[in-house]
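Structure, as structure tokens:
A quick note: this is a predicted structure, and the numbers were derived from the prediction, not measured. Naming convention: chains lettered A, B, ... in sequence-line order (proteins, then strands); numbering from 1 in each chain.
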Amino acid sequence: MSGEREDILLQVNHVRYKKNNGQLYLSQTRVGWMMDESDTFTVSVPYNDIRTQKISPEGKPKVQLQIVLHDISNFTFHFCTPEGRDKQIAERNQVKERLSQLMTQNRRQPPDELMEKKRMLDENEQLHHLYRALVPTSIISVDEFWKEIAGQYKQNMGPQQELGVSGAFLADIKPQTDGNNGKVQYNLTPEIMSAIFKTYPAVKKKHAEYVPHRMTEPEFWTLFFQSHYYSVHTTSSMENVFSECSKHDDKEWNRDVSSTQNDPLYALNDIYEEKPMSIESDLRTSGVKAGSNVFHALMIKRFNQHSLNIIKAQTNSEKERILDELAAKNPNGIPNGEAKQDIQVHKSKKARLEEKIVYEDLENSNKVETSSLTIHQRDRYLTGPTEYSAIHNLQPRQVTVLHEQLTDNINSWCPNLHISQDPEAAYRSLQHFSEMCRKGRSSVGVNTGDQLPGNLHKELGQVYSSAGELLRHFWSCFPPRTPQLQEKLHKMHETLCRYHNVTIRPFQEMAVNDYNCKSDILDHLTEMFQIASTKFENWKARNSR
Amino acid sequence: DVIMAGDGYLLVIVLDVHPQLAEQESIVHNYLSACISFANIHLASNVRNTLAVIAANHLETRFLYPQDTGEKVERQKDGRLELLCQVDESIEKELRRMMMHGGKAEQTESLLSGAIGRGLLYIKRQETEDVLGKKVHARILVIKISSDTGSQYLNYINTYLTAQKISTPIDVCVVGNDCGLLQQGADISGGYYHCIQEVSELLQCLILMYQADVGTRKKLNVPPMDSVDYRAACFCHRTLVEMGNVCSNCLSVYCKAVPLCSTCNVIFQTERPLMKIVKKKK
């Protein structure tokens with residue numbers, strides 16, 4: 001293995017692969033196997049490719065470890081130290097643990113940033129379009145894209161949602177019993193550990209206190225599994241790490257129960273009381289210890305506590321995150337007082353009911369005082385623009401005279417519809433209108449953007465939107481007072497030129513040749529680019545003096 | 001709007017009979033005959049078509065057809081279709097009566113805006129009175145021969161916007177000089193505007209350009225309409241302005257920046273006081 005960061009973290013001899021003896025190596029980024037007499041690696045697998053690893057069950061004679069890749073292929077390594085089967089098992093387990101650690105380490109680094117970028121592209125379609133239009137054609141480099149343009153979109157993104165804790169995570173730790181010694185083996189992964197810490201903050205505190213000063217990790221976890229968290233029969237005789245936790249948990253449980261019970265809206269105040277006139281055979285809730293069997297009651301209580309803690313873990317983490325975001329946005333702000341951790345004082349029942357039925361913003365808003373408008377010359381609004389018609393400005397007297405004339409004319413009128421249209425005049429009229437129609441039809445090709453076929457229309461829209469984005473960045477650099485702005489201005493100018501050549505010209509040619517558009521379809525856009533470049537030239541000329 | 005085959009159209013003709021018509025004696029008969037002929041053509045082209053004719057001069061507006069006297073269609077007299085005969089006679093009779101009403105009026109402009117308004121109301125009434133509640137497909141044709149001042153501007157605009165609201169195109173045929181006001185109306189309401197010079201060409205123009213109904217027009221190759229001048233007029237000189245200043249209180253338009261709005265007496269705060277302060281410091 002050559003290259004960066006390839007320190008060998010673990011080496012195991014006497015490992016067979018495909019019936020050949022060799023050594024197994026674990027480095028920072030990959031796992032490899034080399035045959036005994038060779039010096040090149042036969043097998044070399046980066047951790048990112050590994051999907052999972054498996055070990056052979058306890059009973060089998062061969063001690064094996066299998067690595068399964070994402071593409072289903074697998075490698076099986078056989079541990080065959082001559083020092084004995086126990087050593088083989090120990091070596092194998094060592095490899096397995098180290099391998100799983102390194103796998104999770106290597107898996108965590110890229111995804112966060114990549115995932116976030118992917119999320120941003122998925123959520124903002126416009127950003128996605130811009131990305132596709134600008135980056136593959138190398139008009140803008142990838143880094144510049146993410147720095148300049150995506151910066152604004154980032155602020156509008158909502159928070160990423162965390163995965164919650166699975167309700168059955170404790171139950172999923174299936175212990176394996178070793179038939180011979182009565183030893184029980186639990187497989188504990190970092191994910192399970194973080195789930196436990198999230199669910200039981202008391203355990204997290206204890207872990208911080210005890211590990212690694214007072215006891216090692218395995219000891220701590222062994223005690224955990226022996227404690228009340230995991231088994232009913234606690235070794236309560238010993239003064240245990242977790243007995244404090246159990247007291248704390250019980251206190252919290254009682255608090256939760258009483259807060260639910262005392263909630264005025266639920267009317268649960270009397271569920272534990274003896275009701276008068278109740279019959280023996282009726283179902284009765286008889287206190288926290290339900291049923292006759294104390295152990296059953298204890299188990300049920302433990303299950304309830306577990307479920308409640310899981311729910312609380314999720315809401316707490318969300319609360320923390322919201323507070324973190326608020327603090328980040330408002331670093332100088334005075335923080336609000338901390339939420340009270342003790343027993344909540346319940347608002348009165350009436351207040352709670354009102355909260356549920358009234359929305360403040362649906363109430364009638366108070367009327368705003370308006371002042372009245374006094375207009376002194378109304379007829380100004382009524383008159384339109386006066387035409388230049390000096391010839392026909394008739395005086396009322398003239399009109400009256402004409403009116404009499406018209407009356408006489410109509411009185412002497414014998415309507416004869418047969419001669420309503422003179423053929424010569426009709427012909428002239430037809431000629432006139434035909435001429436007009438011919439003139440109107442003179443333009444060849446597609447005129448306006450409204451008449452473009454569908455996909456061309458969309459493409460035009462995209463070209464405009466990416467060009468618009470670039471132009472916006474360009475114009476926002478003016479006036480360039482700081483050196484950064486000046487540098488950005490230079491860069492934007494280059495980008496604009498590149499964009500013009502790479503995208504605009506081909507688009508225009510395509511539109512004119514393939515779609516028979518008028519050649520001025522992108523004139524407006526080209527004009528905008530020209531204005532930008534003139535401005536840049538002027539600025540450069542002025543500044544270089 | 002889906003127009004079924006067999007639906008009729010309502011054509012409302014707004015006819016300008018301003019005395020200015022009489023300036024040229026020979027054209028009166030031609031003008032009126034052309035309009036009546038066109039009304040006949042409209043009724044004859046589809047048995048379900050209906051008609052209304054409103055005349056307007058400087059004194060009044062009047063429905064020439066239909067009359068609400070409740071007369072039934074008479075028997076055929078002279079080979080004409082009975083309905084057409086009735087239409088012709090009604091128009092002629094009412095027109096003569098209208099001319100009899102002399103009188104003096106301060107304003108000399110033809111009351112076309114009022115006639116268009118009455119036409120819109122008639123259309124609306126037809127719609128509400130229809131037994132089956134069907135939508136009435138209607139349009140208004142304005143035939144104008146007189147000139148106008150800008151004094152009824154607001155009335156016209158009101159009718160245009162109403163027509164646009166109820167999807168009624170207002171077609172305009174102007175004889176003589178161009179009329180920008182009516183051109184705006186045709187543009188706003190989705191109708192046609194044409195201006196012809198000779199009354200002798202009127203009927204041919206009407207048949208060619210205004211006979212087709214709205215649905216058919218989309219398939220015809222009509223000459224493109226000119227762009228309409230929608231510029232506002234400033235309140236001080238009544239000249240058209242492209243860029244102006246508007247009072248934020250009463251929305252009156254001025255061609256240059258004025259310190260005081262003369263319509264609502266609001267004083268505008270300009271930048272001049274700042275200049276004064278700088279001078280004082282010196």
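- Heavy atoms of A:Pro396 lying under 4.5 Å from chain B belong to its backbone as well as its side chain.
- No side-chain donor-acceptor contact under 3.5 Å links B:Gln204 to the backbone of A:Ser429.
- Looking at B:Glu109, there are no atoms closer than 4.5 Å to chain A (heavy atoms on both sides), in backbone or side chain.
- Listed for the B:Arg96 side chain is a donor-acceptor partner under 3.5 Å among the backbone atoms of A:Ile410.
- Of residues 526-538 of chain A, not one residue has a non-hydrogen atom less than 4.5 Å from any non-hydrogen atom of chain B.
- Between the side chains of A:Asn416 and B:His29, no donor-acceptor pair of N or O atoms lies under 3.5 Å.
- In this structure, chain B has heavy atoms under 4.5 Å from both the backbone and the side chain of A:Tyr381.
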Step-by-step side-chain contact (heavy atoms from CB on, under 4.5 Å) determination, A:His403 to B:His58: CA-CA 9 Å; A:His403 185 65; B:His58 62 298; 3.8 Å; yes

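- Remark: the A:Ser420 side chain and the B:Ser33 side chain contain no N/O donor-acceptor pair separated by less than 3.5 Å.
- If you measure heavy-atom distances from B:Ile157 to chain A, you find no contacts under 4.5 Å at all.
- Only the side chain of B:His194 comes within less than 4.5 Å of a heavy atom of chain A; its backbone N, CA, C and O stay farther away.
- In this structure, B:Asn265 and A:Thr374 have side chains that are not in contact, with every pair of non-hydrogen atoms separated by 4.5 Å or more.
- Within a 6.0 Å radius of CD1 in B:Ile267, other residues, nucleotides and ligands contribute 12 heavy atoms or fewer.
- Contacts between B:Ser262 and chain A at a heavy-atom distance below 4.5 Å involve backbone atoms as well as side-chain atoms.
- Within residues 85-94 of chain B, the residues having any heavy atom closer than 4.5 Å to a heavy atom of chain A are B:Asp88, B:Glu92, listed by residue number.
- The CG atom of B:Leu21 lies 10.0 Å from the CG atom of A:Leu402; values are rounded to the nearest 0.5 Å.
- Side-chain atoms of A:Gln421 come within 3.5 Å of backbone N or O of B:Leu203 as a donor-acceptor pair.
- Only the side chain of B:Asn57 comes within contact range of chain A, with at least one heavy atom under 4.5 Å from a heavy atom of that chain.
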